[in-house]
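Below: the structure, in structure tokens.
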Amino acid sequence: MTKPRSRVAPPVASSRSASSSVREADGVSTTHAQGTSDAFFRHIVSGMRNGVLAITREGHLALINDEAYRIFGVSPRGDDVGRPIGAVLKDHPDVVRVLTGAFDLHLLPNRVEMRLKPSNKVIGYTVTFVPDDAGQVVGATMFFKDLTRVEQLEERERLRDRLAAVGEMAAVIAHEVKNPLAGIEVMAGLLRRKIPDAPDAQAVLTDIINEAKMANSIVQEVLDFVRPIRLQVEHTAVAGAVQGAIQHADTKARRGGVNVSVEIPEGLPQIQADQHQLTQVFTNLLMNAYEAMGGSGHVCITASRLRLEDGTDPREAVLVQVADDGPGIPPDVAEKVFDPFFTTKPQGSGLGLAIVRKIVDAHDGRIDLRTAVGQGTTIRVTLPVSGGDEN
């Protein structure tokens with residue numbers, strides 16, 4: 001597929017020599033071959049890894065490059081140059097407002113960030129004036145870069161800092177809580193053995209022991225959640241992590257009559273990941289599916305290659321999907337399932353999927369949920385082939 005060239009307005013006729021052009025200012029001279037200058041500079045703009053967008057003072061598009069089209073999610077048209085900028089970028093009124101309003105400003109925006117509403121991308125931009133030979137402003141140019149990936153990494157770092165502070169506090173609290181819980185469990189067990197002929201008391205003591213064990217399990221999950229994840233990164237086959245997860249899930253949850261099928265093609269690239277942590281991710285997803293389906297139904301685990309486009313150079317990745325044909329999740333619940341301590345289970349801690357997302361984030365990946373009531377649930381885990389946190 002041929003890459004479209006940058007759209008630029010026709011050059012203004014010049015009285016300079018056909019062979020060369022020389023301009024001297026402040027003792028600096030620049031020379032370029034006039035016969036190739038227009039194409040040369042068009043190719044410079046076209047090959048830039050930043051978006052470039054220019055308009056005339058009348059608000060018409062004068063120049064746009066391929067990166068700008070990509071970031072804005074606009075399909076190129078052959079007649080874009082010369083059209084009103086508001087028509088070309090009709091889905092981005094904020095960008096249009098910044099460009100057209102620049103002519104009323106004395107100090108232009110420099111290194112400013114903006115979130116594009118349709119796509120939720122974040123761009124960092126600078127606006128400059130375009131003067132003519134007489135120094136009169138005849139246009140404005142916006143240079144910008146997709147900062148979505150940078151913002152995600154910064155937010156992840158801020159989250160790590162917050163979790164580290166919470167983790168220190170939680171570790172102290174957990175230590176103080178776990179000891180009394182262990183004492184309650186031991187003493188209830190001793191008392192239960194001393195009164196074997198009192199069934200009512202035995203039942204109560206059994207409940208006390210079970211509740212103490214559950215509380216201890218929740219404390220441990222809290223510690224697992226707030227503790228920074230340390231990955232033991234190695235070449236990992238997704239198929240191996242999935243098979244290990246199926247075995248683990250069968251020992252931790254009641255599968256019943258749920259059928260599990262795996263469709264992972266041969267030749268899928270290995271990824272740089274912590275196999276133990278990935279196994280935990282898929283184990284938790286399978287256990288959730290088993291519980292949601294109530295002992296019957298089908299879970300299908302598939303994997304495929306894809307290319308990640310997230311504001312940096314495209315990266316090779318593996319997409320793993322865990323899809324069930326269960327009852328699905330209502331919209332008001334679906335938007336909260338990855339939140340810490342949110343659960344619909346009577347005895348759940350609400351940390352299972354929160355830990356899953358944390359592990360996926362540590363691998364520099366993404367997790368997404370697609371569901372509808374009565375139509376099952378699909379959880380998509382995207383993992384880059386290389387990357388992750390090795391600290």
Residues 186-202 side chain polar contacts: donor-acceptor under 3.5 Å, at least two apart:
{"residue": "R192", "atom": "NH1", "partner": "T206", "partner atom": "OG1", "Å": "3.1"}
{"residue": "Q202", "atom": "NE2", "partner": "R192", "partner atom": "O", "Å": "2.4"}
{"residue": "Q202", "atom": "NE2", "partner": "I195", "partner atom": "O", "Å": "3.0"}

Listed once per pair and sorted, the salt bridge (Lys or Arg N to Asp or Glu O under 4.0 Å) pairs that draw on residues 255-267, sequence neighbours left out: D250-R255

Heavy-atom pair with the smallest gap, counting every atom of K121 and I71: NZ-O, 3.3 Å

Inter- and intrachain pairs under salt bridge (Lys or Arg N to Asp or Glu O under 4.0 Å), touching residues 89-108, at least two apart: D94-R97, D94-K117

Pairs meeting criterion ring pair (Phe, Tyr, Trp, His ring centres under 6.0 Å) with involvement of residues 135-156, two or more places apart: F72-F144

Pair D132 + R57: basic N to acidic O under 4.0 Å: no

H363 to A273 - nearest heavy-atom pair and separation: CD2-CB, 3.4 Å

Transitive ILVMFWY side-chain link V127 to V137, under 4.5 Å: yes

Contacts of type side-chain hydrogen bond (donor to acceptor under 3.5 Å, both in side chains), residue Q275, not counting sequence neighbours: none

Audit row: T126, V112, side-chain contact (heavy atoms from CB on, under 4.5 Å) steps and yes/no: CA-CA 7 Å; T126 296; V112 183; over 6 Å; no

Atom of G352, atom of N284 and distance for their closest heavy-atom approach: O-ND2, 3.5 Å

Rounded distance (nearest 0.5 Å) linking atom CE of M293 with atom CG of N288: 12.5 Å

Salt bridge (charged side-chain N to carboxylate O under 4.0 Å, His left out) partners of R370, counting only residues at least two apart: D368

Between CG on residue L285 and CD1 on residue I379, distance to nearest 0.5 Å: 4.5 Å

Heavy-atom donor-acceptor pair, T371 side chain to G376 backbone, under 3.5 Å: yes

Cluster check V177, I208: I/L/V/M/F/W/Y, side chain < 4.5 angstrom: no

Least distance between heavy atoms, Y290 atom then A249 atom: CE1-CB, 3.8 Å

Close side-chain approach of L89 to V74, heavy-atom, < 4.5 Å: yes

Atom pair CE/CG of M287 and L353 - distance to nearest 0.5 Å: 10.5 Å

Apart from V130 itself, residues in the same hydrophobic cluster as defined by side-chain heavy atoms under 4.5 Å: V138

Donor-acceptor side-chain pairing of H298 and S261 below 3.5 angstrom: yes

E67 and K145, any side-chain heavy atoms less than 4.5 Å apart: no

Short side-chain to backbone donor-acceptor contact, T377 and D324, under 3.5 Å: no

Rounded distance (nearest 0.5 Å) linking atom CG of L268 with atom OG of S304: 7.5 Å

V95 side chain near M114 side chain, heavy-atom distance below 4.5 Å: yes

Residue pairs, two or more places apart or on separate chains, that pass salt bridge (Lys or Arg N to Asp or Glu O under 4.0 Å) and touch residues 269-291: E291-K345

Contacts of Y125 that satisfy ring-ring contact (aromatic ring centres under 6.0 Å, His included) - sequence neighbours left out: none

Over all atoms of both residues, closest heavy-atom pair of A289 and V299: CB-CG2, 4.0 Å

Side chain to side chain, R70 and D146, heavy atoms closer than 4.5 Å: yes

Under 3.5 Å: donor-acceptor pair, side chain of N65, backbone of N50: yes

hydrophobic_cluster_shared for I264 and V320, side chain cutoff 4.5 Å: yes

Over 12 foreign heavy atoms within 6.0 Å of CZ, R254: no

Worked verdict on R77 versus R83 for side-chain contact (heavy atoms from CB on, under 4.5 Å): CA-CA 10 Å; R77 286 178 37 166; R83 294 175 64 203; 3.5 Å; yes

Side chains of Y69 and D80, donor plus acceptor under 3.5 Å: yes

Contact list for residues 315-338, test ring pair (Phe, Tyr, Trp, His ring centres under 6.0 Å), sequence neighbours left out: none

Any donor-acceptor N or O pair under 3.5 Å, side chains T236, E234: no

Pairwise side-chain contact, P384 with I271, heavy-atom cut-off 4.5 Å (strictly under): no

Close side-chain approach of V122 to L116, heavy-atom, < 4.5 Å: no

For the student: nearest non-hydrogen atoms of T279 and G244, plus distance: CG2-C, 3.7 Å

Side chain proximity check, L319 to T302, heavy atoms < 4.5 angstrom: no

Distance in Å, I85 CD1 paired with L99 CG, rounded so as to fall on 0.5 Å steps: 6.0 Å

Full working for side-chain contact (heavy atoms from CB on, under 4.5 Å) between V52 and I64: CA-CA 6 Å; V52 182; I64 185 170; over 6 Å; no

Test log, rule side-chain contact (heavy atoms from CB on, under 4.5 Å), inputs I55 and H60: CA-CA 5 Å; I55 65 169; H60 295 105; over 6 Å; no

For E316, salt bridge (charged side-chain N to carboxylate O under 4.0 Å, His left out) partners two or more places apart: R305

Pairwise distance CG(L53) to NE2(H92) - rounded to 0.5 angstrom: 10.5 Å

Residues in side-chain contact (heavy atoms from CB on, under 4.5 Å) contact with L105, at least two apart in sequence or another chain: L108, P109

Side-chain touch L278/L383, heavy atoms, less than 4.5 angstrom: yes

Polar side chain donor-acceptor pair, Q272 to H235, under 3.5 angstrom: yes

